[in-house]
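Worth knowing before you read on, the calculation uses all heavy atoms, side chains too, and leaves out hydrogens, waters and symmetry mates. Because the structure is a prediction, the values reported are computed rather than measured. When a residue number appears, it is its place in the shown sequence, counting from 1.
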Amino acid sequence: MTWSKLLEAPPPLSMPSLLAFMERWKPGSTQGVKPATADQIAALAKPHGGLNALPHVYREFLETMGASTGSLRLTFGTTSISALLEDREDLQRERPDARRYLRFTIGEEDEFNTTGRRDTDDIFELFHPTPDGRDAAIIRIHEEDLVRGKGEVERPFPTFSDWLRTIIVSRVVFDAEPEKQTEYYSLGRKPETPAKTYDFLTRLGFSLTELGASSEVIPLEHTEYGAIALIRAPTASIPRTGLRLRARDKAQQRILEGVISEHEEELSGG
């Protein structure tokens, strides 16, 4: 797929494809995954206007691993629907406008947290759906700060799909043993760098994975070399294009690292 085709029709993320990717790269990693029940999903959706208010990809996520993600840790906290529903039972707490916001993670309570507070929450901006209607923009902030209009709103990922893509590739592939086998490249600030990097990697033989892609987060795989690359477009917090690379075999990785290093300045726009 060319870059222009990717922009025109980004391949979506689906849960069956995500599970297939996980098992292919880390057999057994989907064990312990448990879906939420239909009643739980309906209860979570009710304050927000019903099931149709949930972004479609998030609803698929709940139907696949809403009760438990097994051994896979997606966040510093929880995505468990039971925890989300239990939190809703606190009727004394003021909540953000349910027509506009939906919290999908609860930050972890950690006594060693240097801020003295639990970790931040991840929240859907329901009023910012994606053009295809399958997803929505997300923000990271303590829910109580969002209610009060205080604190800094972070946008670490554009959408829930990009959040999942990045975490799945990182946890399943990049964080695998042996440690320090994943190589990271910090490329240029120029807006054309993600496209140049994508085109370069596809010429090397990389192609899209089961995880789909967007213009902001692009997982790619080289089947011959058994390698995964992840391109991340610049964000406000990290204003450079990021590229991470890992091959199953270290010798194959050295070959790819050598090729990328030779073209790193070119990709960065230098």
Side-chain angles (χ1 to χ4, degrees), residues 1 6 9-42 44-45 51 54-85 102-106 122 124 130 132-136 138 156-177 181-182 206-214 216-232 244-248:
M1 178 180 282
L6 175 64
L13 174 68
S14 73
M15 291 305 110
S17 296
L18 181 147
L19 295 179
F21 177 89
M22 289 174 61
E23 279 298 319
R24 193 161 56 79
W25 275 87
K26 189 177 181 181
S29 59
T30 63
Q31 291 180 8
V33 166
K34 296 180 182 178
T37 67
D39 287 345
Q40 286 177 315
I41 297 172
L44 184 68
L51 292 176
L54 298 182
H56 185 75
V57 70
Y58 179 56
R59 184 171 170 181
E60 284 186 348
F61 170 84
L62 293 174
E63 292 168 346
T64 304
M65 57 180 75
S68 174
T69 59
S71 62
L72 180 67
R73 185 171 189 183
L74 296 176
T75 182
F76 292 109
T78 183
T79 60
S80 168
I81 196 167
S82 60
L84 292 167
L85 291 174
L102 188 163
R103 180 168 62 165
F104 63 91
T105 77
I106 298 176
D122 291 306
F124 278 107
T130 53
D132 61 6
R134 283 183 50 83
D135 208 341
I138 63 174
F157 304 96
T159 64
F160 180 73
S161 293
D162 285 334
W163 180 83
L164 265 182
R165 286 182 183 111
T166 305
I167 291 171
I168 292 299
V169 172
S170 296
R171 301 284 194 272
V172 173
V173 181
F174 295 149
D175 292 348
E177 295 291 338
Q181 187 163 310
T182 299
F206 282 85
S207 58
L208 296 172
T209 73
E210 299 99 319
L211 300 177
S214 72
E216 288 83 14
V217 175
I218 311 162
L220 295 168
E221 181 173 12
H222 197 300
T223 54
E224 180 184 352
Y225 284 173
I228 291 289
L230 183 70
I231 304 170
R232 286 200 61 187
R244 295 177 77 184
L245 172 75
R246 184 185 180 106
R248 294 183 190 270

Exercise. Within 45° of the axis and under 6.0 Å from the centre of the six-membered ring of Trp25, does NZ or CZ of Arg246 qualify?
Worked result: no

For this session: Decide side chain to side chain donor-acceptor pair (under 3.5 Å) for Ser29 and Arg171; before the verdict, give the C-alpha distance in whole Å, the side-chain angles of both, and the deciding distance to 0.1 Å.
Result: CA-CA 10 Å; Ser29 59; Arg171 301 284 194 272; over 6 Å; no

For this session: Give the minimum heavy-atom separation between Pro219 and Gly212, together with the two atoms involved.
Result: CD-O, 3.3 Å

Problem set entry | Heavy-atom closest contact (Ile167 atom, Leu74 atom, distance) | CD1-O, 3.1 Å

Problem set entry | Ser68 side-chain N/O to Pro35 backbone N/O, donor-acceptor pair under 3.5 Å | no

Problem set entry | Parallel, tilted or perpendicular, as decided by the 30° and 60° cut-offs, for the rings of Phe124 and Phe160 | tilted

For this session: May I ask you to check whether Ser80 and Ser82 show a side-chain donor-acceptor distance below 3.5 Å?
Result: yes

Exercise. Given side chains that start at C-beta, do those of Ile41 and Ile81 come closer than 4.5 Å, heavy atoms only?
Worked result: yes

Exercise. Under 4.0 Å between a Lys/Arg side-chain N and an Asp/Glu carboxylate O for Glu60 and Arg134?
Worked result: yes

Exercise. Any side-chain heavy atom of Thr209 sitting closer than 4.5 Å to one from Leu220?
Worked result: no

For this session: Please confirm whether the backbone N or O of Ala136 pairs with a side-chain atom of Thr159, one donor and one acceptor, at under 3.5 Å?
Result: no

For this session: Would you give the length of the straight line joining atom CG of Leu245 to atom CZ of Phe206, rounded to the nearest 0.5 angstrom?
Result: 5.5 Å

Exercise. Does the gap between the ring centers of Trp163 and Phe104 come in under 6.0 Å?
Worked result: yes

Exercise. Counting distance only, does the side-chain N/O of Gln31 pair as donor-acceptor with the main-chain N or O of Gly70 below 3.5 Å?
Worked result: no

For this session: Could you tell me which residues satisfy salt bridge (Lys or Arg N to Asp or Glu O under 4.0 Å) with Arg24, sequence neighbours excluded, listed by chain and number?
Result: Glu210, Glu221

Exercise. Counting only N and O atoms by type, is there a donor-acceptor contact under 3.5 Å from the side chain of Ser170 to the main-chain atoms of Thr166?
Worked result: yes

Exercise. Under the salt bridge (Lys or Arg N to Asp or Glu O under 4.0 Å) test, which residues partner Asp135, sequence neighbours left out?
Worked result: none

Problem set entry | Glu23 side chain to Ala20 backbone, donor-acceptor under 3.5 Å | no

For this session: Using only heavy-atom distances, determine whether the side chains of Asp132 and Thr130 contain a donor-acceptor pair under 3.5 Å.
Result: yes

